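What you are looking at is a predicted structure, and each value in this text was computed from that prediction instead of being measured. Only heavy atoms go into these numbers, but all of them, side chains included; no hydrogens, no water, no symmetry mates.
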Amino acid sequence: PRLPPGTPSWCHGFCQRENKVIIIITLHRTTSAKTRATATLRQPAHTAKRYGAFHANPTKLNMINKENLDQHIDYFVLYFGRTPEYYTERLNWYLSGKKGSFNIYAFFLSFYWLLFRKMYKPFFLIMLFVFIFGIIGETLLLIGVVDQVTYSYFDKILLFILSSFIGCFSNKWYVQKSIKTVENVINNSNDPNEIEKILKKKGGTTMLGPTILLVLAIISVLIGSSN
């Protein structure tokens, strides 16, 4: 029979029902939390990265160093393209903390070498400096502060200084760029074929840039000689 509310037996039964509901809710919340945690751990790399759990991916590289270079050396060979032996040796030097080495090809070819090795950032920065220096030099020449002989003399000195500067730091710049590129590519892709394709595209050499620069230099000389 249904007990009237307020009696001791009714209160006892009501409390038992409330306790059962609380226990069921608690178990449901605990189980849901465990399920969400398990699902997060089982997420693929790109999904985990989206939710800030990409650090749990064992393939992620924080930094390439001397200790782990051997297991990633093939990536650098792909990136360097031509003459990989020379640049892998310079890579070892750099990671070992040794002083930079002089690149004789970068010294003689200077801007052409930078474009040949797809070093576009230092190329445009140095060209910006040359452009500013040229404006200053032309201004001083027009107002009569320097004559044409002095201007040509300083122009040749500047070219030698820039060539020496590129020869001294080109290997360091190139190695630093290769490390940054390899780390970014490996961290953003788990497909070996895609990694190989991207490294070959970003690295290696190209004759397009040097050819364009050479054509522009020839045109500039022809225009200058005609005047």
Side-chain angles (χ1 to χ4, degrees), residues 63-66 69 72-138 140-141 146 148-185 199-225:
M63 183 177 64
I64 292 177
N65 50 49
K66 182 69 175 177
L69 176 61
H72 302 109
I73 194 66
D74 291 339
Y75 296 124
F76 287 97
V77 172
L78 289 172
Y79 179 84
F80 293 143
R82 301 179 58 159
T83 60
E85 298 84 4
Y86 175 83
Y87 290 105
T88 51
E89 183 181 359
R90 299 305 177 273
L91 176 63
N92 270 291
W93 283 17
Y94 177 79
L95 294 177
S96 299
K98 296 181 180 179
K99 294 182 179 180
S101 58
F102 189 82
N103 191 321
I104 191 66
Y105 296 103
F107 170 74
F108 282 108
L109 298 175
S110 57
F111 302 105
Y112 298 95
W113 182 91
L114 292 174
L115 292 176
F116 180 68
R117 282 289 171 180
K118 302 180 181 179
M119 299 287 291
Y120 300 120
K121 182 177 180 179
F123 170 78
F124 285 112
L125 289 176
I126 295 175
M127 287 300 294
L128 178 62
F129 171 79
V130 173
F131 178 74
I132 295 174
F133 180 84
I135 292 178
I136 296 174
E138 290 291 339
L140 295 177
L141 185 63
V146 296
Q148 185 64 47
V149 176
T150 304
Y151 178 78
S152 300
Y153 177 74
F154 279 106
D155 190 48
K156 291 180 175 62
I157 292 178
L158 176 64
L159 179 61
F160 176 79
I161 293 174
L162 289 177
S163 298
S164 301
F165 182 74
I166 295 173
C168 289
F169 292 96
S170 57
N171 285 335
K172 181 180 179 180
W173 296 339
Y174 191 54
V175 166
Q176 288 176 337
K177 182 186 176 185
S178 70
I179 294 174
K180 182 179 179 180
T181 303
V182 169
E183 288 179 346
N184 288 337
V185 172
L199 288 178
K200 286 183 176 180
K201 181 179 180 181
K202 290 181 175 292
T205 58
T206 178
M207 287 301 300
L208 179 61
T211 302
I212 295 175
L213 182 62
L214 179 61
V215 171
L216 293 176
I218 294 174
I219 294 174
S220 176
V221 171
L222 293 176
I223 293 176
S225 61

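Partners of T206 by side chain to side chain donor-acceptor pair (under 3.5 Å), not counting sequence neighbours: none found. Residues that satisfy the side chain to side chain donor-acceptor pair (under 3.5 Å) test with T88, not counting sequence neighbours, are absent from this structure. Under the rule for a side chain to side chain donor-acceptor pair (under 3.5 Å), N184 has no partner lying at least two apart in sequence or in another chain. For Q176, the side chain to side chain donor-acceptor pair (under 3.5 Å) partners at least two apart in sequence or on another chain are Y94. Taking the side-chain contact (heavy atoms from CB on, under 4.5 Å) definition, one finds that K156 meets it with S152, sequence neighbours left out.
Counting heavy atoms from C-beta on, the side chains of N171 and Y87 come closer than 4.5 Å. For the pair Y174/Y79, a side-chain contact is recorded, criterion being any heavy-atom separation below 4.5 Å from C-beta on. At a threshold of 4.5 Å between non-hydrogen side-chain atoms, the residues L213 and F123 count as touching. Annotation: side chain of F80 is not in contact with side chain of E85 (no heavy-atom distance under 4.5 Å). Proximity of F76 to I64: side-chain heavy atoms (C-beta onward) are separated by under 4.5 Å at one or more points. Using a 4.5 Å cut-off on side-chain heavy atoms (C-beta onward), T211 and L115 make no contact.
Taking both residues in full, the closest heavy atoms of G203 and K118 are given as O-NZ, 2.8 Å, listed atom of the first, atom of the second, then distance. For R117 against K177, the heavy-atom pair with the smallest separation is O-NZ, 4.4 Å. Nearest heavy atoms, A106 versus G167: CB-CA, 4.2 Å. Heavy-atom minimum distance, I166 versus S110: CD1-CB, 3.9 Å. Shortest non-hydrogen contact noted between L141 and V146 is CD1-O, 3.4 Å.
I219 CD1 to L214 CG: the interatomic distance, rounded to the nearest 0.5 Å, is 10.0 Å. Atoms CZ and CG, from F154 and L140 in turn, are 10.0 Å apart once rounded to the nearest 0.5 Å. The structure places NE2 of H72 at 12.0 Å from CD1 of I179, a figure rounded to the nearest 0.5 Å.
Remark: the backbone N or O of A217 is not paired with any side-chain donor or acceptor of S220 at under 3.5 angstrom.
The side chain to side chain contact (heavy atoms under 4.5 Å, CB included) with I132 is formed by just one residue from the set I136, I135, V130; it is I136.
The stretch residues 95-115 participates, sequence neighbours left out, in these ring pair (Phe, Tyr, Trp, His ring centres under 6.0 Å) pairs: F102-F107.
A 6.0 Å sphere centred on OH of Y153 holds no more than 12 heavy atoms belonging to other residues, nucleotides or ligands. The environment of CZ in F133 is crowded: more than 12 heavy-atom neighbours from other residues, nucleotides or ligands sit within 6.0 Å.
Using the six-membered ring where Trp is involved, F165 and F169 have ring planes that are tilted, between 30° and 60° apart.
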- Message: Assess the residue pair Y75 and V185 against the criterion (side chain to side chain contact (heavy atoms under 4.5 Å, CB included)); give the C-alpha distance rounded to whole Å, side-chain angles, the decisive distance to 0.1 Å, and a yes or no.
- Response: CA-CA 10 Å; Y75 296 124; V185 172; over 6 Å; no
